[in-house]
There are 4 protein chains.
Amino acid sequence: MARGVNKVILIGNLGQDPEVRYMPNGNAVTNVTLATSDSWKDRETGQQQERTEWHRVVFFGKLAEIAGQYLRKGSKVYVEGALRTRKWQGQDGQDRYTTEIVVDINGTMQMLDSRGEQGQGGYQQQSYGQPAPQQQPQQPMQQQQGGFGGGQSQQPQQRPQQQPQQPPQQPQQPAGGFDDFDDDIPF
Amino acid sequence: MARGVNKVILIGNLGQDPEVRYMPNGNAVTNVTLATSDSWKDRETGQQQERTEWHRVVFFGKLAEIAGQYLRKGSKVYVEGALRTRKWQGQDGQDRYTTEIVVDINGTMQMLDSRGEQGQGGYQQQSYGQPAPQQQPQQPMQQQQGGFGGGQSQQPQQRPQQQPQQPPQQPQQPAGGFDDFDDDIPF
Amino acid sequence: MARGVNKVILIGNLGQDPEVRYMPNGNAVTNVTLATSDSWKDRETGQQQERTEWHRVVFFGKLAEIAGQYLRKGSKVYVEGALRTRKWQGQDGQDRYTTEIVVDINGTMQMLDSRGEQGQGGYQQQSYGQPAPQQQPQQPMQQQQGGFGGGQSQQPQQRPQQQPQQPPQQPQQPAGGFDDFDDDIPF
Amino acid sequence: MARGVNKVILIGNLGQDPEVRYMPNGNAVTNVTLATSDSWKDRETGQQQERTEWHRVVFFGKLAEIAGQYLRKGSKVYVEGALRTRKWQGQDGQDRYTTEIVVDINGTMQMLDSRGEQGQGGYQQQSYGQPAPQQQPQQPMQQQQGGFGGGQSQQPQQRPQQQPQQPPQQPQQPAGGFDDFDDDIPF
DNA sequence: TTTT
DNA sequence: TTTT
């Protein structure tokens, strides 16, 4: 239930490989940055201008696993999610705010890199109804709805005690929480 | 022209009256904050939870004038715009980032407070094709497309030398630019 | 799962009271027609023109019940759904096609008639988590996600054997299926 | 201006090469059919099911030219437009209705076949600000906003007397209007 | 800071 | 058939 509508639709390319983390309950949370760009001709100088907008996207639930598995730096993707601004503390103790696009069970994701030519493996038909395939799927997914049932998104705080069914695709980071950035920029 | 899609759709209520400012060329720029909220039942406690999300929306062009004229604290509105994160300097000299929903000629706005019951005046038929009605329209607008032709949104920096055709609906603030906030919070 | 994106977003007014029907399993299916309109100034004659577009919207699951209960002729509503064109047989035996906006568990609905002024009853706080309130809620709902789990929408074909928990708001039609139209027009 | 919101967002693949026609004033009108598909597992049989939805999309203005030039059977594309149901006469003299997604100056289109690998020619930087490039661009466009200023879309009715600046990419069909279908199906 |  |  909601009062109001809070919807974001993006098509863009990943600036980096996804970062996958796990919540205490084993649920994956995957962060990516997406670039969209506008270009226009300056009215005064007649020069062609371009501005790239970077979006911080956070996937939850099953989409987090799919995103972590199939998306890579440069991947083109469609996402549908909701805006969420969260508050965090800078190193100077001051509040900072970061706005993200949350893609959970209410959102969707669809890979747009056509025909699997970007994968490193061959084609393999898979039933994606089951949450935890025993082997690594090698075919890019198309759209999926999220499988994270939580109404509100929690922040991942630590490694799961038990290895999740879907092992991380990314090398594990050394200790450090979600907001363990080098400095105060939001991403 | 654009590479990618960057679209936001919101329906929410204004937290405050709009703030209208003017660019040197006389174009209006109107800021509002919009609330959307989600509610859900906590899975563990069974308690009803609610979270309100606040969105900073910036209107440009003709929509800026319409928003300034017809929207008020509490107004319910539909907006369609694009995400833009802009960088600004905190008082400590450090970079801050604020994400806004830009509603310009590529976006739309529609008032959802039905039947004009929130206006202070009576009904008056108007031709909205003309940019600067000489008298105050008293009928809430519905949808409008923006009339701001600029590809990229400039920041308003000063009072217009000549009184714009559409006089400000808000009392003029004392000197101080667009980013003249009391402290470091983005809004 | 899906290949592609198929999304419709409408804000419009109901042309008639909703029509609620029930599937054999007791699930409600609710049909409404929504009007959206465009107006523009003819470039040659300078005359103001208007065109109203009528949309056939079909709600499934919990949203079907809410729509049947709270929407009425004239109600303003936001819907998010998917396009579906279905084929049916005209009286002359020829194929006809009707395109509808399907609002099921993947869609949303939100009533936009503010402040309950259109209801016929008083205010009553309700927990909407439960699927079948024993008494008629009298407060307009806001947004809801659908509760119909079916991947593909079936057509309702007959009265439910057991009275559904949520009794129909509309007088029962005499026998006749979903497509029992008077003539060959799609709606 | 509009009362209400009427928006469709699709990502799908073209079922056929585009059909380009020209209005008396030389404006292009391009028709494509787009497929989106859903798949789900039948709850009773456990069988994997799939349903393909076909959408009739009509481009106007500059987007019509771009669509005609760059889209081909199988192309993946993002479109944003509005629903419009138009009435036409079947061979039996009875009314038929066809619902289309109109993509004009209020909509957008973006090709999603990455990196120009589908084109038949090499890369060539182009300024797309000018409406009628003298030579055939060979690089797939990304997003464009429509350039057709008309508030209401007219139907193309005949060949242009003068060759339009952008010559048709498709072999000219023999005489026959827009609705010159073999039979009564809408497309 | 809104709204219900 | 709605709405303004």
Side-chain angles (χ1 to χ4, degrees), chain A residues 1-6 85, chain B residues 10-19 31-39 48 50-57 70-77 110-119 122-128 137-144 185-187, chain C residues 10-19 31-39 48 50-57 70-77 110-119 123-128 137-144 185-187, chain D residues 1-6:
Chain A
M1 181 163 38
R3 292 202 163 266
V5 170
N6 175 359
T85 297
Chain B
L10 300 175
I11 295 179
N13 298 281
L14 271 72
Q16 300 292 345
D17 283 352
E19 294 177 18
N31 288 264
V32 306
T33 52
L34 267 195
T36 59
S37 64
D38 274 285
S39 65
Q48 195 69 14
E50 179 161 347
R51 176 185 158 97
T52 294
E53 193 67 42
W54 287 97
H55 310 273
R56 183 173 181 84
V57 178
Y70 296 108
L71 297 180
R72 287 294 171 266
K73 176 177 177 174
S75 296
K76 180 175 289 188
V77 70
Q110 182 152 354
M111 295 180 59
L112 297 174
D113 290 299
S114 43
R115 289 117 206 184
E117 85 267 6
Q118 70 169 7
Y123 179 95
Q124 181 181 353
Q125 186 55 273
Q126 290 252 348
S127 160
Y128 288 103
Q138 285 152 321
Q139 179 204 10
M141 283 296 299
Q142 295 291 333
Q143 190 183 14
Q144 275 285 21
I185 63 168
F187 61 91
Chain C
L10 300 175
I11 295 179
N13 298 281
L14 271 73
Q16 301 291 345
D17 282 352
E19 294 178 18
N31 288 264
V32 307
T33 52
L34 267 195
T36 58
S37 64
D38 274 285
S39 65
Q48 194 68 15
E50 178 160 347
R51 176 186 158 96
T52 294
E53 193 67 42
W54 287 98
H55 309 272
R56 183 173 183 83
V57 178
Y70 296 107
L71 297 180
R72 287 295 170 266
K73 176 177 176 173
S75 296
K76 180 175 288 188
V77 69
Q110 182 150 354
M111 295 181 61
L112 296 174
D113 290 299
S114 44
R115 290 117 204 184
E117 85 269 6
Q118 70 167 8
Y123 180 94
Q124 180 182 356
Q125 186 55 271
Q126 289 252 347
S127 160
Y128 289 103
Q138 284 152 321
Q139 179 205 10
M141 283 297 298
Q142 295 290 335
Q143 189 184 15
Q144 274 285 19
I185 62 169
F187 62 91
Chain D
M1 182 164 37
R3 293 204 161 264
V5 170
N6 174 2

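Letters A, B, ... are given to chains in the order of the sequence lines, protein chains preceding strands, and every chain is numbered from 1.
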Could you tell me which residues satisfy side chain to side chain contact (heavy atoms under 4.5 Å, CB included) with C/Ser39, sequence neighbours excluded, listed by chain and number?
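Applying side chain to side chain contact (heavy atoms under 4.5 Å, CB included) to C/Ser39 gives C/Gln48, C/Glu50, D/Met1.
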
Have a look at C/Thr52 and say if it touches a base, only the backbone sugar-phosphate, or nothing, with a 4.0 Å heavy-atom cut-off.
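Base contact.
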
Atom [atom1] of [X] to atom [atom2] of [N]: distance rounded to whole Å?
{"X": "B/Asp17", "N": "E/dT2", "atom1": "CG", "atom2": "P", "result": "11 Å"}
{"X": "C/Arg72", "N": "F/dT2", "atom1": "CZ", "atom2": "P", "result": "16 Å"}
{"X": "B/Lys73", "N": "E/dT3", "atom1": "NZ", "atom2": "C1'", "result": "12 Å"}
{"X": "C/Met111", "N": "E/dT4", "atom1": "CE", "atom2": "P", "result": "13 Å"}
{"X": "B/His55", "N": "E/dT2", "atom1": "NE2", "atom2": "C1'", "result": "11 Å"}
{"X": "B/Trp54", "N": "E/dT3", "atom1": "CH2", "atom2": "P", "result": "8 Å"}
{"X": "C/Gln16", "N": "F/dT1", "atom1": "CD", "atom2": "P", "result": "8 Å"}
{"X": "C/Asn31", "N": "F/dT2", "atom1": "CG", "atom2": "P", "result": "18 Å"}

To the nearest 0.5 Å, how far apart are CZ in C/Arg72 and CG in C/Asp17?
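Going from the CZ atom of C/Arg72 to the CG atom of C/Asp17 covers 5.5 Å.
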
Treating B/Glu53 as the side-chain partner and A/Thr85 as the backbone partner, does any N or O pair qualify as donor plus acceptor under 3.5 Å?
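Confirmed, B/Glu53 side chain pairs with A/Thr85 backbone.
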
Examine distances only and state if a side-chain atom of C/Asp113 and a backbone atom of C/Lys76 form a donor-acceptor pair shorter than 3.5 Å.
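Here the side-chain-to-backbone pair exists.
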
Nearest-neighbour nucleotide for the C/Thr33 side chain, E/dT3, F/dT2, F/dT1 considered
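Selected nucleotide: F/dT1.
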
So does A/Arg3 reach the base of E/dT3 with its side chain, donor to acceptor, closer than 3.5 Å?
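It does not, because no donor-acceptor pair links the side chain of A/Arg3 to the base of E/dT3 below 3.5 Å.
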
